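For reference, the structure discussed in these notes is given below.
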Amino acid sequence: MSEQQIKIQLPDGSIREVAPGTTPYDIAMSISPRLAAAVVVARIKPLTPVTATTDAGEEENSEAAMYGGQETGERVVDLSAPLTEDVALELLKESDEAALKVVRHSAAHVMATAILELFPETKLGHGPATDQGFFYDVYRETPFSETDLAAIEAKMAEVVARDEKFVREEESREKGLSDYSAQGEFMKVHFIERFTKPGDEISLYKNGGFTDFCRGPHVPSTGRVKAFKVTSVAGAYWLGDEKNQQLQRVYGTAFFNAKDLDAHFKRLEEIKARDHRVLGKQLDLFSIQEVAGAGLIFWHPKGGLIRKTMEDWMRDECIRRGYEMVYTPHIMRRELWKISGHEGFYGQNMYPPMELDDAEYRLKPMNCPGHILIYKNSPKSYRDLPQRYAELGNVYRYERSGTMHGLLRVRGFTQDDAHIFCMPEQIESEIAACVEFADEVLKAFGFAEFKVELSTWDPKDQKSYVGSPEHWETAVGSLKKVLDAKGIPYREIPGEAAFYGPKIDIKLVDVLGRLWQLSTVQFDFNLPQRFELEYTGEDGEKHRPVMVHRALFGSVERFFGVLIEHYAGAFPMWLAPVQVGLVPISSDKHLDYARAVKAKLEAAGLRVELDERNDPMKAKIRDFAVQKIPFVLIMGDKEAASEAVSVRTRGKGDEGSVALTAFVERAKALVASRGVGL
RNA sequence: GCCGAUGUAGCUCAGCUGGUAGAGCAACUGAUUCGUAAUCAGUAGGUCAGCGGUUCAAAUCCGCUCAUCGGCUCCA
């Protein structure tokens, strides 16, 4: 058999016949030595369908999953990996995204090499590539300091300079286990036990004196890790469980060249410049104050104005779509939370009870029970359904102290919450309407793209959920049916559902391509039962309604935070707290005209600010520009004489003088269109 | 909650090994009246996050608390 040639298909479709054991590197060399020097790793895909999975790789093996495609047998391998069967071969150069992940993973090995040379007592966890770079989880009594990180980075440069080859070796699982146990490498032992089974050969990668249990692949040698940086260190729990010991997660990033590395840090700076916490301060939109408490938001006048605009839009849209606006109390008796089940299932996230004369009260973490009480307050007939109650409801949730983050993760927030009570046969059309509404919300606020996740329960952990398996099955079924009918692609995530039912989560994609969880449409078959909700059917009998719980902004605070970052504070005209800034060229001569212009603009419903200071015109223009005001109108002798304004548009600059009436029309039209551009 | 870092004027920050706080911008006052991103000068502004300790002396050293930042975890 060994004499038999194997077929290698190249991307252009051509086929080469080579001896088994030939490596991708050999093939690259045979094409051109320059190609061989440029390639990093190879992607192979068996030409004949795979019959069995090649290895014990479990799905949880994230490092394996990263290089994915087990179904097709497609995988990324070392250039030095001997080819043993007919495959389609793709030689991946540095520009390939898969190659980037490989070099980052190799960088993690380089970092581990450096760490062990400097701090030999350190025990290793794992070191995967991430979207941003890589990390290595390690255990060491003393935490690494900033200087340690600098030393690690310097040592890494030495390891790279040594240009050590990454060599793959295999040995028996038993030997690996006993060696690692002897060295006290408890984490490596765990990984071997978890990702391999008795009798397997395990793979090790060596570079110089460093060996790591690793699935690979790697770049050919450490010298290929050309541009890297150790960025930070943070705590992480072993296996993500806070009951376990705390590891140190040392973060870094790596690229094939310094240019990409620089671009990466430039992008981080751009993200920082868009940070809603930074812009919130600069543009005076909101604050969080230590005396008041963490995670509690103060909306300043300008942020408040944007919020009002968002809320007005949302309320109008709800009413147009057949919802009715309701209001429910912020605190309610503890008894209610016992009935709803929140006391048991959600208690640890609720603020503790307040003792009053008559009973204990708790702040609401959700609006559902309030809406249910409204439903229950009068008998309902099938003719009344669906009932759609909407509320911009303030809820309070106890978030752990280390978890707050600007507007994105807070303790008190406003949900644009609604609950739909309907008959089972109405459920699919109601969910479909919710999904359409969510789509409309995202479009209206300028987000073009979104991703959908369907969260279902974990059947192995039934005690964490309420409802019978049949309930879950039908509920998940109707959510899927709606998504399928609309042709919306989605990812199903078992175990991610709320305790009371499955849900559709919609994550929007912002201008920088980041994902944000906002809209959610949740099925709830728990509360109707607990509150014994019913309606009288056509048959005169009592029936139980079905309940849908949905929030589209999700949280007004979070949505606002994402909006700030999406627009980098340069809000479209309809949302801008100040739409027009007025600059009189001379604050003596032109002030009267400027005031008259202001009055006219305000009469047209525009939000205007007039800078009356005795400062030079340029300074006033600059101040308005820094505040990212859409239009700045400059007025001097020429304008005053002809009822005109000189228009300076954000992002465009000086557009010259136009008649005041013409500008008013333009501005009004822009606001009415809710357009993003100016 | 956990690991690490940070907290100085409204904002951005400086303040070495302890000797009693400083700049730029903003604010205020005055001068300037200007054609598309920072006019000039002056004035005022700080319990150095809070509490406690060490010391003749603490922004600085130590402890605790609070908050923020980067992560873990969790979620709207």
Side-chain angles (χ1 to χ4, degrees), chain A residues 135 137 143-146 148-149 231-251 272 275 277-278 281-282 284 287-295 346 348-349 365-366 393 395 397-417 455 496 498 503 505-507 516-520 522 550-559 561-562 583-591 613-627 632-639 646-650 653-657:
Chain A
F135 63 78
D137 276 347
F144 292 123
S145 65
E146 293 289 317
D148 291 339
L149 294 190
T231 50
S232 63
V233 59
Y237 297 103
W238 169 229
L239 302 179
D241 187 336
E242 63 184 84
K243 289 192 273 300
N244 290 334
Q245 61 265 65
Q246 183 120 23
L247 308 177
Q248 297 194 62
R249 179 164 293 179
V250 187
Y251 284 91
K272 208 175 154 202
D275 190 314
R277 294 166 300 183
V278 174
K281 218 177 244 183
Q282 269 171 22
D284 198 17
S287 63
I288 298 167
Q289 313 211 20
E290 190 176 333
V291 270
Y346 207 72
Q348 72 286 356
N349 287 309
M366 295 186 188
V395 296
R397 298 182 183 175
Y398 172 72
E399 296 294 343
R400 299 160 96 195
S401 60
T403 59
M404 262 77 73
H405 181 92
L407 293 171
L408 303 180
R409 185 134 201 94
V410 295
R411 283 186 174 155
F413 60 102
T414 309
Q415 285 185 307
D416 64 312
D417 208 358
S455 299
E496 275 298 303
K503 59 177 178 174
D505 282 334
I506 298 171
K507 302 197 171 189
W516 301 96
Q517 159 72 64
L518 295 151
S519 309
T520 179
Q522 313 193 347
R550 115 314 62 149
L552 305 180
F553 286 148
S555 134
V556 176
E557 284 76 5
R558 178 180 286 185
F559 198 87
V562 173
V583 175
I585 288 179
S586 155
S587 47
D588 276 351
K589 287 192 282 176
H590 309 124
L591 198 52
R613 293 175 307 173
N614 290 337
D615 282 321
M617 173 192 78
K618 282 187 166 194
K620 298 184 192 180
I621 291 172
R622 177 174 189 277
D623 286 353
F624 281 130
V626 167
Q627 289 296 306
V632 176
L633 303 185
I634 291 132
M635 289 151 290
D637 289 336
K638 278 190 284 179
E639 287 75 19
S646 175
V647 179
R648 190 175 211 286
T649 307
R650 184 180 66 202
D654 186 2
E655 295 190 340
S657 282

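Numbered from 1 within each chain, the chains take letters A, B, ... in sequence-line order. Remember, it's a predicted structure, so these values are computed and weren't measured experimentally.
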Query raised in the report: Which nucleotide in the set B:rA76, B:rG71, B:rU68 lies at the smallest distance from any side-chain heavy atom of A:Ala234?
Result: B:rG71
Query - Distance between C1' atoms of B:rC62 and B:rG18 (Å, rounded) - result: 13 Å
Requested in this report: Describe the nucleic acid contact of A:Gly240 in one word from base, sugar-phosphate, nothing, applying a heavy-atom distance below 4.0 Å.
Outcome: sugar-phosphate
Query raised in the report: Which sits closer to the 5' end of RNA chain B, A:Val647 or A:Gln522, going by the nucleotide each is nearest to?
Result: A:Val647
Report task. Could you work out the separation of B:rA41 and B:rG50 based on their P atoms and round it to a whole Å? Result -> 34 Å
Query raised in the report: If you measure from the P atom in B:rU68 to the same atom in B:rA27, how many Å do you get, rounded?
Result: 29 Å
Query raised in the report: Atom CE of A:Met404 to atom C1' of B:rU73: distance rounded to whole Å?
Result: 13 Å
Query raised in the report: Which value, in whole Å, describes the distance between the P atoms of nucleotides B:rA57 and B:rG22?
Result: 23 Å
Query raised in the report: Just to confirm, is there a sub-4.0 Å distance from OP1 or OP2 of B:rC69 to any side-chain nitrogen or oxygen of A:Arg277?
Result: yes
Report task. With C1' as the reference atom in both, quote the distance from B:rA49 to B:rA67 in angstrom, rounded to an integer. Result -> 7 Å
Query raised in the report: Quick one: what's the B/S/- string for nucleotides 37-49 of chain B, heavy-atom cutoff under 4.0 Å, read 5' to 3'?
Result: BBB----------
Query raised in the report: Looking only at side-chain N and O atoms, does A:Tyr398 come under 4.0 Å of OP1 or OP2 in B:rC74?
Result: no
Query raised in the report: Contact class for A:Val410 vs. all strands (heavy atom < 4.0 Å): base, sugar-phosphate, or nothing?
Result: base
Requested in this report: Could you tell me whether A:Glu496 contacts a base, only the sugar-phosphate backbone, or nothing, with contacts defined as non-hydrogen atoms closer than 4.0 Å?
Outcome: nothing
Query raised in the report: Would you say A:His590 reaches B:rG35's phosphate, i.e. side-chain N/O to OP1/OP2 under 4.0 Å?
Result: no
Report task. Mark this stacking check for A:Phe553 against B:rA76 as yes or no, applying ring centres under 5.5 Å and ring planes under 30°. Result -> no
Query raised in the report: Just checking A:Phe624: base, sugar-phosphate only, or nothing, at a heavy-atom cut-off of under 4.0 Å?
Result: nothing
Report task. Could you tell me the separation between the CZ atom of A:Arg613 and the P atom of B:rU32, rounded to a whole number of Å? Result -> 19 Å
Query raised in the report: What nucleic acid atoms does A:Ile634 come within less than 4.0 Å of, heavy atoms only: base, sugar-phosphate, or nothing?
Result: base
Report task. Could you check how far CG of A:Leu149 sits from P of B:rG71, rounded to whole Å? Result -> 15 Å
Requested in this report: Give A:Glu399 one of three labels, base, sugar-phosphate or nothing, depending on what nucleic acid heavy atoms sit under 4.0 Å from its own.
Outcome: base
**Report entry** For B:rG46, the Watson-Crick or wobble counterpart (both distances under 3.5 Å)
**Finding:** none
Query raised in the report: For B:rC34, does OP1 or OP2 lie under 4.0 Å from any side-chain N or O of A:Lys589?
Result: yes
Requested in this report: Under 4.0 Å between any heavy atoms, over every strand shown, what does A:Gln246 touch: base, sugar-phosphate, or nothing? Just pick one.
Outcome: base
Report summary line: If pairing means Watson-Crick or G-U wobble with both distances under 3.5 Å, then the partner of B:rU60 is none
Are there any protein N/O atoms within less than 3.5 Å of an N/O atom in nucleotides 9-12 of chain B, and if so, which ones and at what distance?
unit_1	atom_1	unit_2	atom_2	d
B:rU12	OP1	A:Lys281	NZ	3.4

Query raised in the report: With respect to the side chain of A:Phe413, which nucleotide from B:rG70, B:rC72, B:rA76 is positioned closest?
Result: B:rA76
Report summary line: Looking only at B:rU68, B:rC2, B:rA27, the nucleotide nearest the A:Ile288 side chain is B:rU68
Query raised in the report: Between A:Met635 (CE) and B:rC34 (C1'), how many Å, whole number?
Result: 15 Å
Requested in this report: Determine the Euclidean distance between corresponding P atoms of B:rA9 and B:rA59; express it in Å to zero decimal places.
Outcome: 14 Å
Requested in this report: For B:rU17 versus B:rC61, give the span between their C1' atoms, rounded off to a whole number of Å.
Outcome: 12 Å
Query raised in the report: Using the P atom in both, what is the distance from B:rU12 to B:rA26, to the nearest Å?
Result: 15 Å
Requested in this report: Would you mind classifying the nucleic acid contact of A:Asp637 as base, sugar-phosphate or nothing, using non-hydrogen atoms under 4.0 angstrom?
Outcome: base
Requested in this report: Indicate, yes or no, whether a donor-acceptor pair under 3.5 Å links the base of B:rU33 to the side chain of A:Ser587.
Outcome: yes
Requested in this report: Start with the C-alpha gap between A:Glu146 and A:Val233, add the side-chain angles, then the distance that decides, and say whether side chain to side chain contact (heavy atoms under 4.5 Å, CB included) holds.
Outcome: CA-CA 8 Å; A:Glu146 293 289 317; A:Val233 59; 5.6 Å; no
Requested in this report: Measure the distance from CZ on A:Arg249 to C1' on B:rA5 and round it to the nearest whole Å.
Outcome: 18 Å
Report task. Among the candidates B:rG35, B:rG1, B:rU33, find the nucleotide nearest to the side-chain atoms of A:Tyr237. Result -> B:rG1
Query raised in the report: Does A:Lys503 pair with A:Asp505 as a salt bridge, N-O distance under 4.0 Å?
Result: yes
Report task. Please work out if A:Gly235 contacts a base, only the sugar-phosphate, or nothing of the nucleic acid, heavy-atom cut-off 4.0 Å. Result -> base
